[in-house]
Novice: 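Provided herewith is a single structure, encoded as structure tokens, for subsequent inquiry.
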Amino acid sequence: GDLRGDTRGALVSIFQLIQKRGYQDIILDFSKAKYVDANLMLPLSSYATYYRRNQFDFSLIEPDEPLPAPIVC
């Protein structure tokens, strides 16, 4: 659905998967996303980059349908 404003929840979930459950391969599944906000993607990208440098694998499943273009003012 709409992934606005759920940055903290996403980062906490990834932390729990890696640190608490021991997963080393994380799949970010955006297949059903209708909208993804930059306020989510920027910290999520930084988090993924950090863990990739520490031998964890991140994969991305892109949205099934194209996301709307951002509105530029």
Side-chain angles (χ1 to χ4, degrees):
D2 187 339
L3 296 176
R4 285 180 237 225
D6 197 23
T7 305
R8 185 169 186 222
L11 298 180
V12 167
S13 294
I14 292 169
F15 175 82
Q16 289 178 344
L17 289 171
I18 291 172
Q19 300 296 331
K20 306 260 179 174
R21 297 185 182 230
Y23 287 89
Q24 292 190 346
D25 299 312
I26 306 298
I27 299 171
L28 302 174
D29 185 354
F30 290 94
S31 61
K32 302 303 178 206
K34 302 294 181 202
Y35 179 86
V36 179
D37 193 81
N39 291 331
L40 169 70
M41 291 309 293
L42 183 59
L44 191 58
S45 297
S46 297
Y47 216 56
T49 299
Y50 168 79
Y51 278 113
R52 278 185 172 161
R53 289 182 179 157
N54 289 287
Q55 308 304 316
F56 292 89
D57 185 45
F58 276 78
S59 301
L60 173 70
I61 299 174
E62 295 183 17
D64 291 338
E65 299 192 23
L67 298 177
I71 299 172
V72 178
C73 298

Novice: Give, for atom CZ of R8 and atom OG of S13, the distance between the pair rounded to the nearest 0.5 Å.
Specialist: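 Between R8 CZ and S13 OG, I get 11.0 Å after rounding to 0.5 Å.
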Novice: Passes side-chain contact (heavy atoms from CB on, under 4.5 Å), L11 versus L44? Steps please.
Specialist: CA-CA 7 Å; L11 298 180; L44 191 58; 4.1 Å; yes
Novice: To the nearest 0.5 Å, tell me how far F15 CZ sits from Y51 OH.
Specialist: 5.5 Å
Novice: Among all residues two or more places apart in sequence or in another chain, which pass the salt bridge (charged side-chain N to carboxylate O under 4.0 Å, His left out) test with D64?
Specialist: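 Checked D64 against salt bridge (charged side-chain N to carboxylate O under 4.0 Å, His left out); matches are K32.
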Novice: Locate the shortest heavy-atom distance separating P63 from A33; write the atom from each residue and the value.
Specialist: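 Heavy atoms of P63 and A33 come nearest at CB-O, 4.1 Å.
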Novice: How about L28 and I14: do any of their side-chain heavy atoms sit closer than 4.5 Å?
Specialist: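 The answer is yes; the side chains approach within 4.5 Å.
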Novice: Take atom CD in Q55; do more than 12 heavy atoms of anything else shown fall under 6.0 Å from it?
Specialist: no
Novice: Take F56 and I26 through the test side-chain contact (heavy atoms from CB on, under 4.5 Å) and record every step on the way to the result.
Specialist: CA-CA 8 Å; F56 292 89; I26 306 298; 5.8 Å; no
Novice: Is it the case that over 12 heavy atoms from other parts of the model lie below 6.0 angstrom from the CD1 atom of I27?
Specialist: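 It does not: I27 CD1 has 12 such atoms or fewer within range.
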Novice: Could you grab the distance from atom CE of M41 to atom OG1 of T7, nearest 0.5 Å is fine?
Specialist: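 Rounded to the nearest 0.5 Å, the CE-OG1 separation comes out at 10.0 Å.
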Novice: Report the distance from atom CG of L17 to atom CD of Q19, rounding to the nearest 0.5 Å.
Specialist: 10.5 Å
Novice: With clusters defined by side-chain heavy atoms of hydrophobic residues (ILVMFWY) lying less than 4.5 Å apart, directly or transitively, does L60 cluster with Y47?
Specialist: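 Both belong to a single hydrophobic cluster.
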Novice: If hydrophobic clusters are built from ILVMFWY residues whose side chains come within less than 4.5 Å, do Y50 and I18 share one?
Specialist: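 Result: yes, single cluster for both.
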